[in-house]
Structures are given as structure tokens and as C-alpha cells.
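Being a predicted model, the structure only gives us computed values, none of them experimental.
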Amino acid sequence: MKKFLLYIGFFIATLSAIAQAPDDLGQQNPKRQEKIKALYVAYITQQLSLTPDEAQKFWPIHGQYDAELRSVNMEKTNELDRQQAALNVKKKYQANFIKVLGADRTNDFYKKDAEFRKKMLEKLRQMRQKKNNMQDGGGMKKNGDGGGFGNR
């Protein structure tokens, strides 16, 4: 448990460092993307308890999976079609992941992947909100009520 808390602390500290980047959060910053990828690799490796041999087999498959998933997400289709295409990619790679991880850990991978992405999106939302608050005068409302939370 201590190890997990230490890992989460490192995760949050690294995300905070990423937040300090001077560009707009909506832009694609290559350094930020590299840091996020490194966090992702560390998170998945730790959560799945990948052995060096498993990692050597898993990450190349994951690279192909991720590239295909990204291309699906870049397509200009409606949302349901995009979600179905992403699900098809996940199903396509499931057998490859099972060969390396087994069925239970493959299921855990899909869960942990979604968990990481959810945490990352939440952290980015928080950073964007903090940045917006700072640009709006430190979170103070312009009408002078000082609450920064709108009408109550």
C-alpha cells in the first residue's frame, strides 16, 4: 500500500510539473506528450506487475494498438461510429494481449488504461480551470463579490 501511495504521489507531482509548461493546455506539446507517455508506461507496468519479459512482449503490441486506436479517434465520423471502431480495435488486439498477459490481466489492462485516461483528463481539466481562474484575476469575480463561484 505504501508503494502504491508513493507511486500516486509521484504521479501527481509529475502532472503538476507538466502543468507548469508555458503553452496553452489545448496545444500539443511534444515534451508534455513524452512525459505523459512515460507516466502511462510506468503506471501500466506497475499496475499490471509486468515482468521484464512480459514488458518486452507487451509494449510493441501496445504500440501498434495505440497507433490504430489513435487513428480511429482522428477520423471525422459521428461519435457512435468512433466508439464502435475503437471497440473493434480493442477486440482485435485482445487475443494478442492475452498471449502475453493472460485473460484476467488483459481485462485489468483495459480497466487500468481507462482509469489512467480518466485521471489524466481530470487533471487536465483542473489545470485548465486553474489557468482560467488565474487569467480572470485569481478567481475573483468581476462583479467584486470575491467568491469566484458564480451565483449561489
Side-chain angles (χ1 to χ4, degrees), residues 1-136 138-139 148-149:
M1 183 69 172
K2 259 184 166 179
K3 195 176 196 180
F4 181 72
L5 291 175
L6 180 64
Y7 182 80
I8 293 299
F10 173 75
F11 176 77
I12 291 169
T14 305
L15 283 177
S16 296
I18 292 170
Q20 301 302 316
D23 69 338
D24 180 42
L25 291 172
Q27 295 178 3
Q28 296 296 321
N29 178 331
K31 283 188 176 184
R32 178 178 291 139
Q33 293 300 322
E34 287 176 32
K35 288 179 182 180
I36 291 171
K37 186 175 181 176
L39 281 172
Y40 177 81
V41 168
Y43 182 79
I44 295 297
T45 299
Q46 191 269 339
Q47 291 295 307
L48 297 179
S49 301
L50 294 179
T51 66
D53 185 51
E54 289 171 333
Q56 188 176 11
K57 294 174 186 173
F58 174 80
W59 289 111
I61 296 168
H62 183 277
Q64 295 169 348
Y65 160 80
D66 190 52
E68 199 166 327
L69 202 54
R70 285 179 188 269
S71 71
V72 163
N73 287 328
M74 299 297 274
E75 293 174 4
K76 303 294 183 194
T77 60
N78 73 47
E79 185 60 22
L80 285 178
D81 289 343
R82 187 180 357 261
Q83 288 181 19
Q84 184 62 56
L87 180 60
N88 291 343
V89 170
K90 290 176 181 184
K91 286 182 175 184
K92 174 182 171 182
Y93 280 88
Q94 183 176 15
N96 293 334
F97 289 136
I98 287 173
K99 288 177 188 175
V100 176
L101 303 174
D104 289 341
R105 288 173 65 213
T106 295
N107 189 48
D108 286 345
F109 160 67
Y110 286 123
K111 287 179 184 178
K112 297 302 180 181
D113 177 73
E115 184 179 285
F116 180 88
R117 292 173 194 281
K118 183 178 177 182
K119 287 179 183 180
M120 186 61 60
L121 286 174
E122 181 57 34
K123 189 65 176 176
L124 290 173
R125 278 189 203 110
Q126 289 173 359
M127 291 185 314
R128 188 172 288 128
Q129 182 66 37
K130 184 176 179 180
K131 182 178 179 181
N132 289 340
N133 286 345
M134 291 174 63
Q135 289 176 346
D136 292 340
F149 295 103

*Residues Gln47, Phe116; criterion side chain to side chain contact (heavy atoms under 4.5 Å, CB included); working and verdict*: CA-CA 10 Å; Gln47 291 295 307; Phe116 180 88; over 6 Å; no
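Take Glu79 and apply the salt bridge (Lys or Arg N to Asp or Glu O under 4.0 Å) test, not counting sequence neighbours, and it matches Arg82. Take Asp66 and apply the side-chain hydrogen bond (donor to acceptor under 3.5 Å, both in side chains) test, not counting sequence neighbours, and it matches Arg70. Remark: Asn88 pairs with Gln84 by the side-chain contact (heavy atoms from CB on, under 4.5 Å) rule, at least two apart or across chains. In this view, Glu75 and Thr77 satisfy the side-chain contact (heavy atoms from CB on, under 4.5 Å) rule, not counting sequence neighbours. In this structure Asp108 satisfies the salt bridge (Lys or Arg N to Asp or Glu O under 4.0 Å) test with no other residue, sequence neighbours excluded. Taking Leu80 as the reference, Asn78, Gln83 meet the side-chain contact (heavy atoms from CB on, under 4.5 Å) condition, with sequence neighbours excluded.
In this structure, Glu122 pairs ionically with Arg125, as a charged nitrogen and a carboxylate oxygen lie closer than 4.0 Å. A salt bridge links Lys112 to Glu115: at least one charged side-chain nitrogen sits closer than 4.0 Å to a carboxylate oxygen.
Annotation: the span from Leu39 atom CG to Ile44 atom CD1 amounts to 11.5 Å, rounded to 0.5 Å.
In this structure, the side chains of Asn133 and Lys130 stay at 4.5 Å or more apart for every pair of heavy atoms.
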Just list the side-chain donor-acceptor pairs under 3.5 Å for residues 55-62, sequence neighbours left out, or say none.
from: Lys57; atom 1: NZ; to: Asp53; atom 2: OD2; distance (Å): 3.3
from: His62; atom 1: NE2; to: Tyr40; atom 2: OH; distance (Å): 2.9

Listing, residues 90-104 side-chain donor-acceptor contacts under 3.5 Å, not counting sequence neighbours, or none:
from: Lys92; atom 1: NZ; to: Glu68; atom 2: OE1; distance (Å): 3.1
from: Lys92; atom 1: NZ; to: Glu68; atom 2: OE2; distance (Å): 3.0
from: Tyr93; atom 1: OH; to: Glu68; atom 2: OE1; distance (Å): 3.0

